[in-house]
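Right, one structure below, let's go through it.
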Amino acid sequence: MELAIFAGVVALFGVLLAFAGIKTVPQGKEYTIERFGRYTHTLRPGLHFIVPFVDSIGAKMNMMEIVLDVPSQEVITKDNAMVKVDGVVFYQVLDAAKAAYEVSQLEIAILNLTMTNIRTVMGSMDLDELLSQRDRINAQLLHVVDEATQPWGIKVTRIEIRDIQPPRDLVDSMARQMKAERDRRALILEAEGARQSAILKAEGQKQAAILEAEGRREAAFRDAEAREREAEAEAAATRMVSDAIAGGNVQAINYFVAQQYLTTFKEFAHSPNQKVFFMPMEATGIISSLGGLAELAKDAFKGDGGNGPTIPPASKPPRKPAAAALPATDGTNAEQVAAIKAAQQQPSPWGDSSGT
């Protein structure tokens, strides 16, 4: 009986030794080991054996990245504007022993350090810089806080300013300022658009005027050339008439004057508002001119003895001979009919009279 009690006590003692000497550290955690209250080493994730009742676990440190909320606080900017600011801090414990024994209440220390530096960094800026340069603020805070927490065995990976809330009246003023700025930009854009439109319209009118002037110049050149050709033709005609008059052909001047009369009356006849007109007093001149034309025609077509070209007489087709002379009859109808039939039966010099 006593032996059994002893064995039970030994077994219980062995279980206690095993429970006190075997330690399992989960992933993402590290345990510090103290021997009689003094730090000796750190247990990393896995199974470990320690000296029972001599070594003990001092601190269980979380080695994963931790997110810490920075509570909202009031900050006075460089231009005396009061704003409310909050943010978040991301940090990770790199050395469990330092994080456990170099600082007390690690999270509270990080929060206080971050809030103090937020007031320092943001208080050195104007409100406009505060609202527009948030990346610069985050970078400055990260540099300062990370450098200050290095002795604690932690690494501050990121600090983000989450929200900046100016006072209500300041927000209203900013809204009015923004609206005024938008209105100013809109007016500038409208003026710029009107200016561009006026420039383009003036350019179009300029091009149109240039093209119109070029068209008028081209038309004037062509009109002048046409008048020149017409004058040359008139001069040539006048020279020919003068040569003809000098050669003794006085009918040429009649032809020239008559042609001018006819041309003038042709223009009168084709005018839209002169359907009825009176003959001029010199109508006899026209008639005499027409007579001159007739004389010209006679001279032109009277043959080799005239001054004009000789037109050969038109060849006339041979006339169909009259019916053959009927033989003399005694004047009776029967004899006349017989004579006619005999004449019709004679061969015709023009061939078949039927036209075949």
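Defined by atom type and a distance below 3.5 Å, a donor-acceptor pair is present between the side-chain atoms of Arg176 and Ser173.
Under a cut-off of 6.0 angstrom, the local environment of CD in Gln27 is sparse, with at most 12 non-hydrogen atoms contributed by other residues, nucleotides or ligands. Remark: Arg38 CZ is loosely packed, at most 12 non-hydrogen atoms of other residues, nucleotides or ligands lying under 6.0 Å away. Counted within 6.0 Å of NZ on Lys155, heavy atoms from surrounding residues, nucleotides or ligands total 12 or fewer; the atom is thus considered open. Within a 6.0 Å sphere centred on CD1 of Ile76, heavy atoms belonging to other residues, nucleotides or ligands number 12 at most. Other residues, nucleotides and ligands contribute at most 12 non-hydrogen atoms within 6.0 Å of the NE2 atom of His143. Counted within 6.0 Å of CZ on Phe6, heavy atoms from surrounding residues, nucleotides or ligands total 12 or fewer; the atom is thus considered open. The environment of CD in Gln177 is sparse: at most 12 heavy-atom neighbours from other residues, nucleotides or ligands sit within 6.0 Å. In this structure, Arg119 places its CZ atom where more than 12 heavy-atom neighbours from other residues, nucleotides or ligands lie under 6.0 Å away.
The closest donor-acceptor contact from the side chain of Ser72 to the backbone of Asp86 lies at 3.5 Å or more, if one exists at all. The backbone N or O of Met63 lies less than 3.5 Å from a partner atom in the side chain of Gln92, making a donor-acceptor pair. The backbone N or O of Ala97 sits nowhere less than 3.5 Å from a side-chain atom of Thr32 that would complete a donor-acceptor pair. Distance alone, capped at 3.5 Å, places no donor-acceptor pair between the Ser197 side chain and the Gly193 backbone.
Side-chain contact check for Val85 versus Asp163: every heavy-atom pair is 4.5 Å or farther apart. Within the 4.5 Å cutoff, the side chain of Ile161 has heavy atoms near those of the Leu141 side chain. Side chains of Ser124 and Lys78 form no contact here, defined as non-hydrogen atoms less than 4.5 Å apart. Using a 4.5 Å heavy-atom cutoff, the side chains of Leu111 and Pro71 are in contact. Here the side chains of Val25 and Arg44 are not in contact, with every heavy-atom distance at 4.5 Å or above. Under the 4.5 Å side-chain criterion, counting only non-hydrogen atoms from C-beta, Asn62 is in contact with Lys29. In this structure, the side chains of Glu234 and Glu230 stay at 4.5 Å or more apart for every pair of heavy atoms. Annotation: side chain of Met125 is in contact with side chain of Gln140 (closest heavy-atom distance under 4.5 Å).
Both Val83 and Leu131 are assigned to one and the same hydrophobic cluster, defined by single-linkage of ILVMFWY side chains at heavy-atom distances under 4.5 Å. Ile110 and Phe90 fall into different hydrophobic clusters, where Ile, Leu, Val, Met, Phe, Trp and Tyr side chains are chained together by heavy-atom contacts under 4.5 Å.
A parallel orientation is assigned to the rings of Phe13 and Phe53, their planes being inclined by less than 30° (bins at 30° and 60°).
Rounded to the nearest 0.5 angstrom, Asn80 CG and Leu127 CG are separated by 11.0 Å. The structure places CZ of Arg182 at 11.0 Å from CZ of Arg184, a figure rounded to the nearest 0.5 Å.
Using a 4.0 Å cut-off between charged nitrogen and carboxylate oxygen, Asp172 and Arg168 count as a salt-bridge pair.
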